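See structure below.
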Amino acid sequence: MKIATWNVNSLTARLQHVLDWLAVNPVDVLALQELKLSDDKFPHEALRAAGYEAAVFGQKTYNGVALLTRAPLLAADVARNIAGFADDNARLIAATLEAPGGPLRLVNGYFVNGQAPGSDKFDYKMSWLRALRDHLREELAAHPRLLLVGDFNIVPEDRDSYDPVGLAGTILHTDEERGHFQALLGLGLVDSFRLFEQPDKSFSWWDYRMLGYQKNRGLRIDHVLVSPPLVGQVRACSIDRTPRKWPKPSDHAPVIVTLG
DNA sequence: ATGTCGCGACGTTCGCGA
């Protein structure tokens, strides 16, 4: 079973990329972030023709997340955002998928960017991350086989940044953000990517500016975390840079996990 | 080069968010 996550930076602008990518990577689940479209604009027909059903939590202009699956999801089981945490933004969607070995809980997030430490947006990021942690503690109790995937907007360690010294303390690199990532690991979640030997300077996002991709000036901010019962079943985890090389790409690349 | 995208608004360019 293969599960992927991809921040597409507008599904309207990137639908053809998603379809092209799925044609060569027929994953069982694709978690999308930054749809930047409302539910009524979601391209259900094109994706259904490609073999995927979608649970959608859209928003006009900003944010928006979706879970694409080959097998239908139980609609009654789909959750949007964090229960008890008031939020104007569509950032989290969760659903349960029947799978060999038991149901899998898929939690797909577009984490708050936070702009800059000290800003109001950074305060919102910290509140959101605190609420997410509390929420996941409950989700894990209810669904032991769980994956937390998405654009975390957190660089977990220095080796996940092209310039850990120059960018130390700046957004995505602060101790507070990293503390929140560690807190998620403290719930028992494991970073799939680091279960395997990986090339140095492996990143999932590159700035559009300053030839960021060509110079590999990137960050690893898109992650797949798995709960304890799943750790032993992760067979592979990789970042697919292929679509980042296509014309008019998303600034993010997909991350793919194989569960055995 | 405050450098690139995507979106949307009383738009034909600008501000915002990333």
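As the structure is a computational prediction, the values presented were derived from the model and not from experiment.
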Any side-chain donor paired with an acceptor under 3.5 Å for A:Thr5 and A:Gln33?
->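 Their side chains do contain a donor-acceptor pair, which is all the 3.5 Å distance test asks for.
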
- request: Output every pair passing salt bridge (Lys or Arg N to Asp or Glu O under 4.0 Å) with a member in residues 6-29 of chain A, not counting sequence neighbours, ordered by first then second residue.
  value: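 Applying salt bridge (Lys or Arg N to Asp or Glu O under 4.0 Å) to every pair that reaches into residues 6-29 of chain A, excluding sequence neighbours, yields nothing.
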
Notebook entry, point to check: Does A:Leu225 belong to the same Ile/Leu/Val/Met/Phe/Trp/Tyr cluster as A:Leu106, with side-chain heavy atoms less than 4.5 Å apart forming each link?
Noted result: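 The answer is no; the residues belong to distinct hydrophobic clusters.
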
Each base of DNA chain B marked ( ) or [ ] if paired in-strand (Watson-Crick or G-U under 3.5 Å), | if paired to another strand and . if unpaired gives ...((((((...))))))

How far does the [atom1] atom of [N] sit from the matching atom of [M], given to the nearest Å?
N      : M      : atom1 : result
B:dG3  : B:dC14 : P     : 13 Å
B:dG11 : B:dG6  : C1'   : 15 Å
B:dT2  : B:dA18 : C1'   : 14 Å
B:dC10 : B:dC5  : P     : 27 Å

Bounds of contact between DNA chain B and chain A, in 5' to 3' order, using a heavy-atom cut-off under 4.0 Å: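 From 5' to 3', the first and last contacting nucleotides are B:dG3 to B:dA18.
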
**A:Trp6 and A:His252 aromatic centres sub-6.0 Å** =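 Here the rings of A:His252 and A:Trp6 have centres that are no less than 6.0 Å from each other.
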
- Query: Any ring-ring contact (aromatic ring centres under 6.0 Å, His included) pairs touching residues 44-67 of chain A, not counting sequence neighbours?
  - Reply: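 Checked against ring-ring contact (aromatic ring centres under 6.0 Å, His included) - neighbours excluded - the pairs reaching residues 44-67 of chain A are A:Phe42-A:His44.
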
So, using salt bridge (Lys or Arg N to Asp or Glu O under 4.0 Å) as the criterion, who are the partners of A:Glu176 when residues are at least two apart?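 Checked A:Glu176 against salt bridge (Lys or Arg N to Asp or Glu O under 4.0 Å); zero matches.
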
Once ring pair (Phe, Tyr, Trp, His ring centres under 6.0 Å) is applied, do any residues pair with A:Tyr162, and if so which ones, sequence neighbours excluded?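 Listed in chain order: nothing, the list is empty.
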
Original post:
Base, sugar-phosphate, or nothing for A:Ser250, non-hydrogen atoms under 4.0 angstrom?
Top reply: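 Nothing, no nucleic acid heavy atom in range.
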
Which residue lies toward the 5' end of DNA chain B, A:Asp207 or A:Tyr110, if each is placed at its nearest nucleotide?
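Comparing both residues, the 5'-ward one is A:Asp207.
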
Q. More 5' along DNA chain B: A:Asn9 or A:His252, using each one's nearest nucleotide?
A.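 Comparing both residues, the 5'-ward one is A:Asn9.
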
Pair A:Lys125 + A:Asp120: basic N to acidic O under 4.0 Å =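 Salt bridge flag = no for A:Asp120 with A:Lys125.
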
